[in-house]
Peer 1: 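One structure, pasted below without further comment.
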Amino acid sequence: RAKEKGRNDFQIFNSDMKSVSINRLKLENELRKALINEEFVLYYQPQVEIESGRIVGVEALIRWNHPDKGMVMPNHFIPLAEESGLIVPIGEWVLRAACKQNKTWQSEGYTPMPISVNLSMRQFFQHNLKGKISHVLEQTGLDPAYLELEITESMTMDVEHAILSLLELKALGVNVSIDDFGTGYSSLYYLKKFPIDKLKIDRSFVRDIMVDPNDAAIVATIIAMTHHLNLKVIAEGVETEDQLNFLYQNRCNEVQGYWYSPPVNRVELEHMLKNGIAAASAVSLAK
Ligand code: C2E
Ligand code: MG
Ligand code: MG
Ligand code: MG
């Protein structure tokens with residue numbers, strides 16, 4: 001009996017595995033079609049200078065406008081795209097679309113500001129990444145100073161590769177930031193050796209700064225460190241005025257988060273660029 005049960009378990013497990021892999025295959029095919037049918041869209045989240053309340057940058061975040069499912073969030077397809085390698089052409093689409101949009105904003109007279117693009121692991125390790133990026137910059141006519149590439153700490157584990165790649169990117173004139181900072185295994189020793197411009201403090205630390213003294217200490221320490229290392233810093237996931245105040249008092253210059261705005265579509269972002277952001281400005285901040 002036990003044997004039979006074991007066998008059944010095995011079969012159930014097996015057929016589950018099968019349906020999982022069928023679903024993955026389906027999703028992978030849909031992703032391929034999505035590229036051809038241009039179903040991806042970019043949303044934009046403002047990055048705000050606390051002191052002035054002004055938008056000083058935007059992060060481009062991909063969405064999949066699926067014909068049946070509606071707007072699909074990146075967490076639902078980026079991991080599979082990464083595994084299957086489709087992230088390379090998808091990432092290239094994001095890069096081109098973001099550069100093109102930023103160039104368009106500039107020619108329409110909006111104050112020039114950098115646009116941040118998330119690079120995936122595969123893209124970062126791709127052969128001739130520098131050539132691909134410089135090609136996109138040439139094609140779109142965007143000044144490299146207005147492109148920022150976000151990498152994560154996990155991409156810097158191979159220190160030699162990371163330093164060489166980052167030097168190549170810096171030679172192009174683009175900016176580089178470390179996204180989700182604090183969640184990986186960056187050694188402080190190497191951090192100072194990496195030619196990067198900015199740290200983005202992960203929102204898991206920001207979330208509890210008002211309730212967890214450890215998180216408050218970590219965030220304050222990261223900010224202080226960036227000033228010593230001459231790096232820029234931005235806090236992600238700022239949702240409340242208290243968090244904003246804490247960050248301001250601890251000399252964090254920029255924030256990104258729902259307090260100011262979630263990621264929005266092009267039209268909504270343009271509205272904010274024209275009219276400013278309706279949220280607390282530095283005036284109301286306790287100094
Ligand atoms: P990320 O690069 O760290 O982007 C920030 C994410 O945090 C966004 O989620 C944004 O909507 C969310 N967020 C911003 N402010 C707040 C806040 O105040 N509270 C909360 N709870 N969340 C906030 P999104 O757009 O769903 O993107 C998730 C992740 O997917 C991104 O994290 C990034 O790792 C990845 N991703 C998005 N677009 C791309 C892309 O074009 N290429 C690649 N390779 N990855 C992408
Ligand atoms: Mg990011
Ligand atoms: Mg992040
Ligand atoms: Mg993240």
Side-chain angles (χ1 to χ4, degrees), residues 31 34-35 39-48 55 57-65 71-102 114-126 129 132-133 136 147-155 175-184 186 196-210 219 222 233-244 246-247 254-265 268-269 277 279-280:
L31 277 174
L35 257 177
E39 291 167 6
F40 295 113
V41 284
L42 290 186
Y43 268 46
Y44 307 94
Q45 188 174 33
Q47 301 180 330
V48 181
I55 301 174
V58 288
E59 177 172 3
L61 294 154
I62 195 172
R63 305 284 181 261
W64 178 9
N65 195 358
M71 228 29 116
V72 184
M73 300 301 279
N75 294 345
H76 289 110
F77 63 92
I78 290 288
L80 181 63
E82 177 80 44
E83 266 177 59
S84 64
L86 279 167
I87 193 68
V88 172
I90 292 174
E92 226 172 296
W93 178 86
V94 171
L95 188 68
R96 184 169 288 106
C99 290
K100 200 170 143 199
Q101 182 60 67
N102 204 16
I115 192 160
S116 311
V117 170
N118 293 281
L119 280 192
S120 71
M121 181 79 94
R122 283 217 199 217
Q123 274 177 295
F124 190 63
F125 280 87
Q126 182 183 22
L129 173 65
K132 292 216 160 165
I133 291 171
V136 170
L147 175 63
E148 181 173 305
L149 301 170
E150 296 190 1
I151 62 166
T152 56
E153 287 167 271
S154 51
M155 301 182 200
N175 302 290
V176 178
S177 61
I178 298 196
D179 200 0
D180 307 335
F181 184 76
T183 60
S186 278
I196 53 166
D197 303 281
K198 191 175 189 177
L199 297 184
K200 302 191 73 179
I201 303 175
D202 191 68
R203 71 177 150 90
S204 60
F205 299 112
V206 175
R207 190 183 51 217
D208 295 331
I209 47 178
M210 302 318 294
V219 169
I222 295 174
V233 64
I234 184 166
E236 297 191 274
V238 176
E239 297 185 354
T240 71
E241 191 163 19
D242 285 346
Q243 291 168 341
L244 189 71
F246 176 92
L247 291 161
E254 294 177 20
V255 293
Q256 184 181 334
Y258 294 173
W259 171 255
Y260 281 110
S261 170
V264 294
N265 66 26
E268 289 173 281
L269 185 84
I277 260 181

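Counting starts at 1 for both ligands and their atoms, following the listed order. Predicted model only: the values in this text are computed from it and were never measured. All heavy atoms count here, side chains included; hydrogens, waters and symmetry mates do not.
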Peer 1: Check Lys200 against ligand 1 and report side chain, backbone, both or neither, counting heavy atoms closer than 4.0 Å.
Peer 2: neither

Peer 1: Show which atoms of ligand 1 fall inside a sub-4.0 Å distance from at least one heavy-atom site of Glu236.
Peer 2: 3 (O), 5 (C)

Peer 1: Picking from Ile201, Ile234, Val58, Val206, what satisfies side chain to side chain contact (heavy atoms under 4.5 Å, CB included) with Gln256?
Peer 2: Ile234

Peer 1: Short N/O distance, under 3.5 Å, between Pro74 and ligand 1?
Peer 2: no

Peer 1: To check you understand the geometry: which heavy-atom pair defines the closest contact between Ile178 and Thr152, and what is its length?
Peer 2: CG2-C, 4.4 Å

Peer 1: Pick out which of Val48, Ile277, Val238 makes a side chain to side chain contact (heavy atoms under 4.5 Å, CB included) with Trp259.
Peer 2: Val238

Peer 1: Quick one: does ligand 1 sit under 4.0 Å from the side chain of Val238, the backbone, both or neither, non-hydrogen atoms only?
Peer 2: backbone

Peer 1: What closest approach, in Å, do Asn265 and Tyr44 show between heavy atoms, and which atom pair accounts for it?
Peer 2: C-CD1, 4.2 Å

Peer 1: Nearest non-hydrogen contact with atom 31 (C) of ligand 1 belongs to which option: Leu119, Ile62, Leu61?
Peer 2: Leu61

Peer 1: Output the atom name for the N/O/S atom of Asp179 with the smallest distance to the Mg ion (ligand 3).
Peer 2: OD1

Peer 1: Check whether any N or O atom of Asn118, backbone or side chain, sits under 3.5 Å from an N or O atom of ligand 1, and answer yes or no.
Peer 2: yes

Peer 1: Taking only heavy atoms of Val94, which atoms of ligand 1 are found under 4.0 Å from at least one of them?
Peer 2: 41 (O)

Peer 1: Mind telling me whether Trp64 and Phe40 have parallel, tilted or perpendicular rings, with 30° and 60° as the class edges?
Peer 2: tilted

Peer 1: Which atom name would you report as the N, O or S atom of Asp180 nearest the Mg ion (ligand 3)?
Peer 2: OD1

Peer 1: Which atoms from ligand 1 have a heavy atom of Glu239 less than 4.0 Å away?
Peer 2: 17 (C), 18 (O), 19 (N), 20 (C), 21 (N)

Peer 1: Is the distance from the Mg ion (ligand 3) to some N, O or S atom of Glu236 under 2.8 Å?
Peer 2: yes

Peer 1: Tell me the contacting part of Arg63 for ligand 1: side chain, backbone, both, or neither, using a 4.0 Å heavy-atom threshold, strictly below.
Peer 2: side chain

Peer 1: Only N/O/S atoms count here: what is the atom of Glu59 closest to the Mg ion (ligand 2) called?
Peer 2: OE2

Peer 1: Suppose I only count heavy atoms of Met73 and a 4.0 Å limit; which atoms of ligand 1 are within that range?
Peer 2: 26 (O)

Peer 1: Pull out every atom of ligand 1 sitting under 4.0 Å from any heavy atom of Asp180, numbered as shown with elements.
Peer 2: 3 (O)

Peer 1: I need the atoms of ligand 1 closer than 4.0 Å to a non-hydrogen atom of Gln45, numbered in the order shown.
Peer 2: 14 (C), 15 (N)

Peer 1: For the Mg ion (ligand 2), which N, O or S atom of Glu150 is at the shortest distance?
Peer 2: OE1

Peer 1: Please give me the minimum heavy-atom distance between Met121 and Met155, naming the atom from each residue.
Peer 2: N-CE, 3.4 Å

Peer 1: When rounded to the nearest 0.5 angstrom, what is the spacing between CD in Glu82 and CG in Leu80?
Peer 2: 10.5 Å

Peer 1: Check Ile62 against Leu42 and note the closest heavy-atom contact, atom names and distance.
Peer 2: CA-CD2, 4.1 Å

Peer 1: Where do Val88 and Arg122 come nearest, in terms of heavy atoms and distance?
Peer 2: CG2-CB, 4.0 Å

Peer 1: Under 4.0 Å from a heavy atom of Asn75: which atoms of ligand 1 are those, numbered in the order shown and with their elements?
Peer 2: 28 (C), 29 (C), 30 (O)

Peer 1: Grab the two heavy atoms, one from Val72 and one from His76, that are nearest each other, plus how far apart they are.
Peer 2: CG1-CB, 3.7 Å

